[in-house]
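Worksheet for the structure shown next.
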Amino acid sequence: MIRRMIARVLRLSGRYKGRIQGALVFSVFNVFFQKAICYAMITVYWLSQGQMTVRMAGGIAVAMVVTLVLQMLCQHASDRLQSGAGYMLFADKRLALGDHLKRLPMGYFSAGNIGRISSVLSTDMLFVEENVMQKLATIMTYILSEVVLLVFLFVLSPVLGLIVLVTTLAAFAV
């Protein structure tokens, strides 16, 4: 279902498809940078083993700052690409609708349809324009976060990773 929804949005996006796909690539990197919890796991491991040094702590701090900066840059790039594609896509759709409306007979506009047309142009299309691309990014981020979390769990404990994988697949099936 989610795959079909994303494919449909990409199909409808036409010439802005590349921007949306680029935003998805930045979203993938953003998810990896969000999962910087591996630094905490490494730190806890080193502390529990009594191997932590000041130099190691400094290295982890630098890595966390670099990861945070990269995450911010990826989030910014993803948001700009997606929102820009959404606005331009719906600008084209509005022009196409206007082109279609100018070919309709005059009787169509006097039959009370002008209010519905105005409603669609001012509220419905605006709602879709503002929300669809953001929701698409959110859905992709959640899916990618789940995949990254599963990979970390399989590395941490294969049994725990398998349990979470089976539970996730059962949740998707339901």
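These values consider heavy atoms only, across backbone and side chains, with no hydrogens, waters or symmetry-generated copies.
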Minimum heavy-atom distance [X]-[Y], with the two atoms named:
| X | Y | answer |
| --- | --- | --- |
| L81 | R19 | CB-O, 3.6 Å |
| W46 | I60 | CZ3-CD1, 3.6 Å |
| S27 | S78 | OG-OG, 3.0 Å |

In terms of hydrophobic clustering (I, L, V, M, F, W, Y; side-chain heavy atoms under 4.5 Å; direct or indirect links), are L89 and L24 co-clustered? yes
About how many Å separate CE of M64 and CD of Q71, when rounded to the nearest 0.5 Å?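 Here the interatomic distance stands at 11.0 Å.
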Point-to-point distance, once rounded to the nearest 0.5 Å, from CE of M72 to CG of N30: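 Those atoms lie 11.0 Å apart.
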Within 6.0 angstrom of Y16 OH, more than 12 heavy atoms from elsewhere: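 Check passes, neighbour count above 12.
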With a sphere of 6.0 Å drawn around CZ of F32, does it hold more than 12 non-hydrogen atoms of other residues, nucleotides or ligands?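 No, because the 6.0 Å sphere around CZ of F32 holds 12 heavy atoms or fewer from other groups.
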What pairs with F29 under side-chain contact (heavy atoms from CB on, under 4.5 Å), at least two apart in sequence or on another chain? V25, F33, C74
Result block: side-chain N/O donor-acceptor pairs under 3.5 angstrom for residues 146-164, not counting sequence neighbours:
| residue | atom | partner | partner atom | Å |
| --- | --- | --- | --- | --- |
| E146 | OE2 | T168 | OG1 | 3.1 |
| S157 | OG | L160 | N | 3.3 |

Residues two or more places apart in sequence or in another chain: which of them pass salt bridge (charged side-chain N to carboxylate O under 4.0 Å, His left out) with [X]?
| X | result |
| --- | --- |
| R103 | D99 |
| R94 | E129 |
| R15 | D92 |

If we only count heavy atoms from C-beta on, is the V69 to L73 side-chain gap below 4.5 Å?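 When only atoms from C-beta onward are counted, L73 and V69 do touch, with a gap below 4.5 Å.
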Side chains of residues 47-55: which donor-acceptor pairs under 3.5 Å do they make with residues two or more places apart or in other chains?
| residue | atom | partner | partner atom | Å |
| --- | --- | --- | --- | --- |
| S48 | OG | V44 | O | 3.3 |
| S48 | OG | Y45 | O | 2.8 |
| T53 | OG1 | M56 | N | 3.1 |

